[in-house]
Each structure stands twice: as C-alpha cells, then as structure tokens.
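Comments concern the structure below.
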Amino acid sequence: MSLQLYNSLTNQMESFDSIEPGKVRLYSCGPTVYDFAHIGNFRSFLFGDLLRRTLELFDYQVHHVMNITDVGHMVEGETDKMSEAANRMKENKKSGRVPEGAIEDPNDPYQIADYYTQAFLEDARKLQYKIAFEYPDNVPKATDYIDGMQKMISRLIDRDHAYVAEDGVVYFSVESFPRYGELSGNTLEKLQSGAGGRVSDENQSRKRHPADFMLWKPDQHHVMKWDSPWGVGYPGWHIECSVMAGQLLGQDGIDIHTGGEDLIFPHHECEIAQSCCANGSDHFARYWIHARFLMVEGEKMSKSKGNFFTARDVFTGVATGSQVHPAVLRYELIKSHYRANMNFTKKGLEDSAGVVQRMLDFESRLERETGGEVAEVDRSHPLLAKFSAALANDLNISEALAEVIPWIRQEHPDPRESLAVWRAVNSVLGITDEENEAADSDPIFEQVQQWGDEMKDARSRKDWDASDAARQKILDAGYEVQLVKDGSVVIKKSLA
Ligand code: AMP
Ligand code: ZN
C-alpha cells in the first residue's frame, strides 16, 4: 500500500518513497526545555509519533531522532530567554509545580534545562511518545553537539555561505543559497522588501541581507557560553537541528522532517539552507510535514489568554478540574487530522475518555477470553485493511478511528484473531500499552479540593464566614472557584 503524505515543500500530496528501501530516517524538532511542555507541544510531538508508528505498521524500519533544545537561545532582538526561564522557574516553584529542593540553583541554566528535560521525558512516556523511551540515544541534547555546530559553521564559512560581520557575529548568507524560501515561500526578493516579516532586528546594518541569520554570537556575558574560533559565545538556534540530524541520521539527507507549523519559517527554511550548503547536497529532507496548531475552546492557545495548559496540569486535574488519564489525553491529541487546527475542549476530553474506556474494556475482555494467546495477524483482515488505508491517506486518523470504534462494538466470534488485529491497531494508537502509567495526583490540588469541600459544607450550613475563609485559601493558592447551581464548587487553576 502506498503511503500518501502532504509535503509542505511542494505543497501537494505525494507518494512516500524512502531513500533506502524499507528504512526511514525521521527527524522531529523537539522541545525547548525551559518550562514544562504544554499540550500544544505534545500535539505536534504525538503527530510525529503517529507518523512513525504508521510507518512501522507499513513495515518500515524507522530511525527517529528528536532534539532537546537545552541551549538558552537568545533570539535577536528579544529579551534574554535565560532570565525569563529563571523567572518561570520561580513561578513554578511558587505554584508548587516544581517541588522545593528539586533543583539546587534555580538560576543555573544547566540545572533548569536538566530539570525540564526529565519532566518532559516523564510526561512524554506517560503519553506513549515512543521516542521518549529511546532517550538519550535518539534524543540528543543540543549542548552535547556544540563541537559539531562549530564544525558546520566553519565549513559554511569555508564554502562562502557564511561570514563574520563587523561585530564578530557569524551570519549565514542567504544570497549564497538561491533556493532560500523554497519551503516557506519567503523568497529573497520578498524578504528584501520586508514582505516575509520577522527579519528585522538591531543588527540589520551589519548584515549583507536582512534575512541573513545568526550562526554564532560571541558574547562573554551569556550564561551558557563556549569557546570558539569566533570568540566565546553561543550558537544560533537553527544550526543545532542541521547538525544533530546530519550526525545521527546521515549527511546524505533524511526522509522526513516534522514540526509544528510555526517552525516552517524561519527555523526549517534555515535548516535546509545550512544543511544543503554545508553538505553540498540538493536535499536535506525529502518530505516536510507540519502539524497545525492546537486551539483551546476555539481560541489559539497562548499564555496571555490564560488558556495555556501543560500536560501535567491536565493529568493532575489542575487544568480542567478532574484528573485525566494520560491515555485519554493522548487519544484526544491524536484523534483529529494533523493538518486541521485541533480544538481542545473539555467535552472532547470526556468523549475521548469514553472511547478509551471502551478500548480498555475490549482489550481486557479479549485477553480474558483468549488467555492472552493471539493468532498470527492477518494483514488482509477487513478492519486492518480499512484502518491502514485510512492512515495511508495522509494519516487520516479520524477515518481510521471511525472504522475501529464500531468494530469494537461488533461480536467477536474469534477472539484470538480479534486480539491480533487489535494489537496491530493499538501499535499505532498506543492507547493500552502496558507501560501506560496512571495519572498522578497533585498534592496541592488535593489540598485545594479539600478546601473546596469545606466551602461547600459551610455554604450548605449557611456559614458564610467559613465559606469565605475557605474560598480565600483557594484563591491564595492561585485557583479559581466557580459555584455550580447544585451547590457544588468547581476549582480550576487560575492561569492568567
Ligand atoms: P518549543 O518547545 O516551543 O520549541 O516547541 C516544540 C514544538 O511544539 C514545535 O514543533 C512547535 O511547533 C510545537 N508547538 C508549539 N505550540 C503549539 C501549539 N499551540 N499547537 C501545536 N504545536 C505547537
Ligand atoms: Zn529544529
């Protein structure tokens, strides 16, 4: 069966064909580890996971690599990410999300990055993001590849694709790569006229072209800094992915590169330019696949709107008021097509919880009936054939699920065969894996809920002073209180 994928590079659906027969080299841009990952991040990551698992269902041997961005990049013109991170760490400690004593020095960027890397892996494993079980082999950290980045920068300078500007900053020269803009459509002409946006900065006058981007910045004062031929400083953001993809997956190009839609420009455009120019190759990745953004209750998820949820706040119930099993969040995040903006709602989560429960019950029933003995899987089984065909159509997961759900409800006269089929389906969905851990409870949230019960009791006794006192304790802990008509009290983390 031929897999069709929508390639952002050509803006069309294409039949997937790997460089090496039967093998796929897949690279996904990973998290920046200066805070907990939010469910929007996980929407993009789990899309990469779904793609990998689908390729595996189609018998490809997949080498998947995802980076950890642990260098505190200062984007030109922006405020210092490092102090932002230290501030966020303070906030996370205050709200109890980072326990006291969890890190020795909350201002040390290495400790901050390490703490959130572990937190990311923990969340990712709960969500059955396969690659998180392959740390550190396939999950490299940018700080371990500084040497490779410097080598690539030197090669780019040697080949006249990069230059050292007056102030010592090393820039990539976009004019040296006429194909710049092939992915995003932000061609040199458009960028020159400012149409592409996001290229102006204070260093404009020192650059040869406004879209030239930083490869190395000498800066003695930066907290994370390394020695280099261009002075003590730190690398630009884009170079890390070119280097890690090249070193771990091969310099002669990769099959598929994924990320969220916001990474198309400038990040992925710059990755292509660096990799092609440093390696002297025509292609970096043959297929570029991007996931659309996650919305919350119809609005773009953002911190300023206060609708910003970390995965762990969803697990513990802090986000929605009740605990959510990681398998339910996984299902919720993968169930809609990656090229549609996904809308995260409480109702969606409730629906997902119902489906996941049905899947769990179905599996345990089959396990019971068969004693865990499965038949050899028959790839031509009608359900599996339809499920695979839907996924082969640009990962049409909703269509695939629309086949699976009614099938679960049907009679299963041959449970050994059904269990084999279910296991193949679940190898893609990743819903009932043994390693799936239960949701953790959050001690602070439990305490807050107890105050909620006190408040409810006090109200039923019409003891308004006691009710107000309990309410105040909840508010002081940073939670919102909503009163429901039936007298109950709903508590949610205030995220504004
Ligand atoms: P970051 O940690 O910010 O570097 O982002 C990690 C990944 O999450 C990238 O692939 C982003 O494109 C993706 N991402 C960020 N916000 C969202 C969102 N709201 N919905 C989907 N993906 C997102
Ligand atoms: Zn990247």
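Counting starts at 1 for both ligands and their atoms, in listed order.
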Quick check: [X] and ligand 1, any N/O pair under 3.5 Å apart?
X      : value
Gly40  : yes
Cys29  : no
Arg292 : no
Arg43  : no

Is any NZ, NE, NH1 or NH2 atom of the basic residue among Arg52 and Glu56 found under 4.0 Å from an Asp or Glu carboxylate oxygen of the other? yes
Please tell me whether [X] and [Y] form a close aromatic pair, meaning their ring centres lie under 6.0 Å apart.
X      : Y      : value
Phe16  : Tyr60  : yes
Phe120 : Phe42  : yes
Tyr27  : Phe284 : no

Ring pair (Phe, Tyr, Trp, His ring centres under 6.0 Å), paired with His238, selected from Trp216, Phe213, Tyr171: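 The passing option is Phe213.
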Identify which one of His257, His283, His267 satisfies the ring pair (Phe, Tyr, Trp, His ring centres under 6.0 Å) criterion when paired with Trp288. His257
Go through ligand 1 atom by atom and flag the ones less than 4.0 Å from a non-hydrogen atom of Gly260. 10 (O), 12 (O)
Sub-4.0 Å atoms of ligand 1 with respect to non-hydrogen atoms of Leu294: 18 (C), 19 (N), 20 (N), 21 (C)
What protein heavy atom lies closest to [atom]? Include the residue and the distance to one decimal.
atom                    : answer
atom 22 (N) of ligand 1 : Ser44 OG, 2.7 Å
atom 15 (C) of ligand 1 : Asn41 ND2, 3.3 Å
atom 11 (C) of ligand 1 : Asp262 OD1, 3.4 Å
atom 2 (O) of ligand 1  : Thr32 N, 3.0 Å

Which option, Val33, Leu263, Ile39, owns the non-hydrogen atom nearest atom 9 (C) of ligand 1?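 Going through Val33, Leu263, Ile39 one by one, Leu263 has the nearest heavy atom to atom 9 (C) of ligand 1.
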Atom name of the N, O or S atom in Glu271 that lies nearest to the Zn ion (ligand 2): OE2
Of all the heavy atoms in [X], does at least one lie under 4.0 Å from an atom in ligand 1?
X     : result
Pro31 : yes
His38 : yes
Phe45 : yes

For the Zn ion (ligand 2), angle spanned by His267 NE2 and Cys241 SG (nearest 10°) is 110°
Would you check if Leu333 and Leu294 make a side-chain contact, meaning some heavy-atom pair closer than 4.5 Å?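 Answer yes - side chains close enough.
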Close side-chain approach of Phe315 and Asp123, heavy atoms under 4.5 Å: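 Result yes, sub-4.5 Å side-chain heavy-atom pair found.
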Gln12, CD: over 12 other non-hydrogen atoms inside 6.0 angstrom: yes
The Zn ion (ligand 2) and His238: any N/O/S contact shorter than 2.8 Å? no
N, O or S from His268 under 2.8 Å to the Zn ion (ligand 2):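 No - counting backbone and side chain alike, His268 has no N, O or S atom under 2.8 Å.
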Lys/Arg cation over aromatic Phe36: Arg97, 6.0 Å, 45° cone: no
With salt bridge (Lys or Arg N to Asp or Glu O under 4.0 Å) as the criterion, how do Asp49 and Lys130 come out once you've worked through the C-alpha distance, each side chain's angles and the decisive distance to 0.1 Å? CA-CA 7 Å; Asp49 187 62; Lys130 244 180 161 176; over 6 Å; no
